[in-house]
Amino acid sequence: MPQHSKDNILAGRTAVDAYRTAHTQLHSKPWHKGIPEEHTPLLNILLGGLKERDFNSLAEFFDASEELNVKELGFTDRQDFKKRATDNDREAFEEMWR
């Protein structure tokens, strides 16, 4: 997996948050036939924004974001987190951006 800068990950989180907001707004209206066609541009905007930040997929972005969360908790990587994390660490991880 390529290394991604913290700035790119934070920008990716902003793009995902914007998508989530737009998606929630789309689904706040009653279901109608046009929802799939309205959803596709939202997803394409998200994927384009992630691509601009050198992420090739949503999975790659979420992996990098989780890795940043682990490092921000003071661990070197996910393996280190799995070995040494306490219940408090795991709880803090769950409270972080996802």
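The first residue of the sequence shown is numbered 1, and numbering continues consecutively from there.
- Both F61 and L46 are part of a single hydrophobic cluster, where members link through side-chain heavy atoms under 4.5 Å apart.
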Worked check of side-chain contact (heavy atoms from CB on, under 4.5 Å) between F55 and L47: CA-CA 8 Å; F55 295 103; L47 295 174; over 6 Å; no

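- Note on L58 and I9: same hydrophobic cluster, where clusters join Ile, Leu, Val, Met, Phe, Trp and Tyr whose side-chain heavy atoms are under 4.5 Å apart, directly or indirectly.
- Hydrophobic clustering of Ile, Leu, Val, Met, Phe, Trp and Tyr side chains at less than 4.5 Å, counting indirect connections, keeps M96 apart from L10.
- More than 12 heavy atoms of other residues, nucleotides or ligands lie within 6.0 Å of CG in N44, so this atom counts as buried by the packing criterion.
- Put simply, Y19 and L26 are part of the same group of oily side chains (I, L, V, M, F, W, Y) that touch within less than 4.5 Å, one to the next.
- Ring orientation note: the planes of F93 and F81 are tilted relative to one another, at an angle of 30° to 60°.
- Under a 3.5 Å cut-off, the side chain of R13 and the backbone N or O of S65 do form a donor-acceptor pair.
- One distance of note links CZ of R84 with OG1 of T76; it measures 7.0 Å at 0.5 Å rounding.
- With rounding to the nearest 0.5 Å, the separation of CZ in F75 from CG in D77 is 10.5 Å.
- Atom CZ of R53 is separated from atom OG1 of T14 by 9.0 Å, given to the nearest 0.5 angstrom.
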Verdict with reasoning, E66 to K71, per salt bridge (charged side-chain N to carboxylate O under 4.0 Å, His left out): CA-CA 9 Å; E66 286 188 4; K71 288 179 179 177; over 6 Å; no

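- Cluster membership check: V70 does not share its hydrophobic cluster with W97, using side-chain heavy-atom separations under 4.5 Å among Ile, Leu, Val, Met, Phe, Trp and Tyr.
- Across G12 and L50, no two heavy atoms sit closer than the pair CA-CD2, 3.7 Å.
- The structure places CD of E38 at 14.5 Å from CG of L43, a figure rounded to the nearest 0.5 Å.
- Using modelled atom types and a 3.5 Å distance limit, the side chains of T86 and D89 yield a donor-acceptor pair.
- The minimum heavy-atom distance between N56 and K51, with the atom names listed, is OD1-NZ, 3.4 Å.
- Counting all heavy atoms, side chain and backbone alike, L68 lies closest to K6 at CD2-CG, 4.0 Å.
- A distance-only check finds no donor-acceptor pair linking the side chain of N8 to the backbone of H4 [under 3.5 Å].
- Checked by atom type and distance alone, the side chain of R90 pairs as donor or acceptor with a backbone atom of A85 at under 3.5 Å.
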